[in-house]
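A quick note: this is a predicted structure, and the numbers were derived from the prediction, not measured. All residue numbers in this chain count up from 1 along the given sequence. Order of appearance sets the numbers: ligands from 1, and atoms from 1 within every ligand.
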Amino acid sequence: MKKPISSFSAAVETTCPYCGVGCGMTVQTREAGLEGMSEIKVSGSRRHPANYGKLCVKGAAAGETIGFDGRMLHPQIDGRIVGWETALSDVANNFKRIIEEHGPDAVAFYVSGQFLTEDYYVANKLIKGFIGTANIDTNSRLCMASAVAGYKRAFGADTVPCSYEDLEQADLITLVGSNAAWAHPIVYQRIAAAKKARPTMKIVVIDPRRTATCDLADLHLPIRPGCDAALFNGLLAYLSNNEAIDQDYIARHTEGFEAALETAQLGQGDLQQLARDCDVEVDALQTWLDWATQTPKMVTLYSQGVNQSTSGVDKSNAIINCHLATGRIGKVGAGPFSITGQPNAMGGREVGGLANQLAAHMDFNRPEDIERVERFWQAPNMARQNGLKAVDMFQAVADGRIKAIWIMNTNPVASMPDADAVKRALQACDYVVVQDCMQHTDTTAVAKVLLPAATWGETDGAVTNSDRTISIQRRFMAGPENTRPDWWILSQVAERMGWGAAFNYRSAVDIFREHARLSGFENDGARDFDISAFSNITEAEYQQFEPVQWPVNAKAPQGTPRMFTDGRFYTPSGKAQLIAIEPRGPQNRESLETPYVFNTGRVRDQWHTMTRTAKTPKLMAHKDEPYLVMHPDDAQAVGVASGELVLAQNDLGRYVGRVEISDGQRKGDVFAPIHWTSQHASEARVDALIPANVDPISGQPELKHARVSLKPFGAKWYGFILTREPLKMAALQGCHWVKVTGQQFVRYEISGCQSIENAQAWAKQVLAPKEQGSDWLEYGDDGQQRYRAAVLENNRMQSVVFIEPGHDMPSRNWLGSLFADLALDDAQRRSVLAGRASGVKDPGKMICSCFGVGLNTIVEAIRSQELHSVEAIGKALKAGTNCGSCVPELTEILAVELASELSGTEG
Ligand SMILES: Nc1nc2c(c(=O)[nH]1)N[C@H]1C(S)=C(S)[C@@H](COP(=O)(O)OP(=O)(O)OC[C@H]3O[C@@H](n4cnc5c(=O)[nH]c(N)nc54)[C@H](O)[C@@H]3O)O[C@H]1N2
Ligand SMILES: Nc1nc2c(c(=O)[nH]1)N[C@H]1C(S)=C(S)[C@@H](COP(=O)(O)OP(=O)(O)OC[C@H]3O[C@@H](n4cnc5c(=O)[nH]c(N)nc54)[C@H](O)[C@@H]3O)O[C@H]1N2
Ligand code: SF4
Ligand SMILES: [Mo]
């Protein structure tokens, strides 16, 4: 029923649901005219210290992804809808039964860095203090575990030393294994703005691929994958040879320098040798080493290219060694800065959400810590040793040691290494509970019990971003009727297991207060994480909470921008530890059968397993299909051309992607995006190919490195379908398909190795109207085997299909535009099966998602209006002028155009 449209509500200050930059947002809502639905207006919060008013394209589109379509709406057991009481009792009773029969180690929780701090705190308390096992791990194992272990080895605590401001104040930033332009766009834009204001600032990118981040770089070192530790050992030796070591700092504040240097020098021949080991040009390497030697204000910003490795902890410490040896830490514009991925990766570390942590930065290897937490919680069944880390946890599910697992806010069937083994393990497990906000994910598909969670905008809770800034995500709308906050669901199960008094929380602030108290409990400066200033925080104060960097206590009531300013660390001696590093390469060795390195990572506009970001056409437009980036020589050797499909495979799994050719890709390496799951494509879950090799210290898997063979997919035909109603694709055997969200339609890109006649018959069978009253337009061309058909109802587009032997088909953009609610006119109707209207231009691949500006439009404007800068493109087309996320791509397009203009005039 339509209601009159109301005006927007008062603004609510909240925090972005996506990346670890942790941008503040201002949100206003109004009823959208449809019963129960809200329309929301999102803008960057001007006073938030992470973003000062800016948002990237994902954040800016957050309002378009909150519709209730696709949401999990009810608790379910074995596919039946049940009430909350039934579901909560079922979970409590089954966990109790299994614990009684097999002991507490037979159960496990697998949670997420996207949990709010309060959710995380309750989950951790329930399992470690009351159930009595530390079998709780989190997707942060796949993300931050090596960085955590590296910090702890060096500093004695998991302490990020820096602030975002240090990035602006540094004279040299080296980004290692970080594609910040796409993964941390607002931090990237802050760096870009600082460099623009102070062009002498140097930016270096160390990444096997030339990424969008390289757009800003003075220097890119396209290293051989996995050799980061060798590179930073090389830097340490070079610093020493060139008198850049701070002997005074080393003597007063560190231990282990001599051994670290000696080991670093052992592996070092000359510069030529290091360049060969890392497979980079000597001159480029020399330039970086010289800059690093001469620049005291140096930040090394590192991310998954460092962490997701079987030597991730060593890579971290090789980096930290260089900062300790030069005293470049705890000072303005200097430090080793591990940037976090998820919105609350840091909050998870604070509550001890990993299997080898306790709570509030305490540890199982200190008995006094265990007793302290036990006393504080009044825990009846305190766990006393580390639990199983993610890979081991799913292995234990597979071999039956774990009989019940409760998965919350993460999608391991898509995101864990050896993902098909994880799926099989869960299918065989006695009791699998999945708590998610969406009904259909690769993991909800294998659950026995489903619990519908409230999500962003519907609940309150704290998050901590990459630079230790705590902010609140606030509720600004009601979720679907039967959804509940994650902390509530956990507390209700705890009550039904007999521990109601300890989980008697009425709101998030009750939990936050307890968490703050524990952080200060018997602390006295012994532990870095201390937010005891909030031990008595009231509901009203929580609602007014202003972002602040921890520690926040009596000594630092306004928070702490920078750590280790006094050179004191959290080790027993108070000194930081340099670690002797013997570099190791990736665990997967090359073989004749699988000669290519399979690297994986992120796409600008998608978030992880796409459960939210794929809901909006705006975010689907930038990269709409799974793809594989290849060096031109490799593409030639494999025999595939741009736009064709290629099959990557090894003995674990298969990946089919559209070929993208780039000389920014190293020869022998290929790159695939991580985001596509079985919900969105037939064969594009990258983690089905990644072996579960882990770092021996952190247990973090080597997610950036598999070995694969490549061959043409061998499609006999290509096609696409646009339809208002989603289809069941499994019915078309042997077909590769990808599902893409459009405006008022769903698009399927399809292709197959079987006969084209079969595909055409299938399309006709599923699409042709079964009832009278609809029009069926059909065009077949036997000679060339082209097949096109469309369904119209009252002259409105219902569906259209094109199937042909070649992949070069009309643009989907114009056909997509016909799904707007209007009736087609005669000319449009006649043009449907031609796939294009005369005189209408195709805007091409989407570049600027904010203003919907495509590649063809940009190139044409550059040529016809002689545009020579990104600013000029912005003036002419608006592209790049809102969130700025596409500026690196605009720069690249411009560079290509200007280069071809130049060669055109010279030739
Ligand atoms: N758009 C978007 N943004 C996100 C996310 C998202 O899903 N989408 N997820 C968030 C999360 S949880 C995380 S953890 C972060 C991740 O943020 P990033 O770590 O920046 O992103 P990735 O693309 O996973 O990987 C970074 C780079 O590591 C490189 N790499 C691979 N192997 C090596 C190596 O051996 N050495 C070096 N030096 N580099 C290597 C890859 O080529 C890749 O370009 O992003 C966060 N932000
Ligand atoms: N090969 C390869 N694999 C990787 C990576 C890589 O670079 N390469 N990166 C790894 C990294 S760094 C990460 S962080 C992981 C991410 O991988 P996942 O954590 O598996 O991915 P998400 O899509 O973020 O999963 C979150 C799930 O929680 C649901 N959800 C959203 N909001 C809520 C809520 O409020 N409550 C509940 N209960 N559920 C909610 C979403 O619908 C979704 O199903 O992937 C890892 N896997
Ligand atoms: S950079 Fe973008 S995705 Fe990350 S927190 Fe900010 S707005 Fe959200
Ligand atoms: Mo992550």
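Near C143, the atoms of ligand 2 lying under 4.0 angstrom from a non-hydrogen atom of the residue are 12 (S), 14 (S). Near I674, with a cut-off below 4.0 Å to any heavy atom, the atoms of ligand 2 are 2 (C), 6 (C), 7 (O), 8 (N). Distances below 4.0 Å separate heavy atoms of M438 from the following atoms of ligand 2: 42 (O).
In this structure, W607 counts as a contact residue of ligand 2, since one of its heavy atoms falls inside 4.0 Å of the ligand. Using a 4.0 angstrom heavy-atom cutoff, K315 counts as in contact with ligand 1. Ligand 1 is never approached by R224 to a heavy-atom distance shorter than 4.0 Å. At least one heavy atom of V603 lies less than 4.0 angstrom from ligand 1. Using a 4.0 Å heavy-atom cutoff, P417 is absent from the residues neighbouring ligand 2. At least one heavy atom of H184 lies less than 4.0 angstrom from ligand 1.
The aromatic rings of W406 and F109 sit perpendicular to each other, their planes meeting at more than 60°, with 30° as the lower class boundary. Between W607 and Y18, the angle of the ring planes lies from 30° to 60°, which puts this pair in the tilted group.
Between D228 and ligand 1, at least one N/O pair is under 3.5 Å apart. At a 3.5 angstrom cut-off on N or O pairs, C227 does not count as close to ligand 1. Between D436 and ligand 2, at least one pair of N/O atoms sits closer than 3.5 Å.
Contact annotation for D687 and ligand 2: only side-chain heavy atoms (C-beta onward) come within less than 4.0 Å of the ligand.
Nearest-heavy-atom check against atom 44 (O) of ligand 1 across T600, D207, V205, N179 picks out D207. The option from P343, P185, A183 that lies nearest to atom 17 (O) of ligand 1, judged by heavy atoms, is A183.
Remark: the Q665 side chain and the E660 side chain contain no N/O donor-acceptor pair separated by less than 3.5 Å. Side chains of S146 and S698: a donor on one and an acceptor on the other come within 3.5 Å. With no hydrogens or angles considered, no side-chain donor-acceptor pair links N409 and Q435 at under 3.5 Å.
Listed by chain and number, C23 SG are the protein N/O/S atoms closer than 2.8 Å to atom 6 (Fe) of ligand 3, with waters left out.
F232 and W288 have their aromatic ring centers within a separation under 6.0 angstrom.
Nearest protein neighbour of atom 7 (O) of ligand 2, counting heavy atoms only, is K704 NZ, 3.0 Å.
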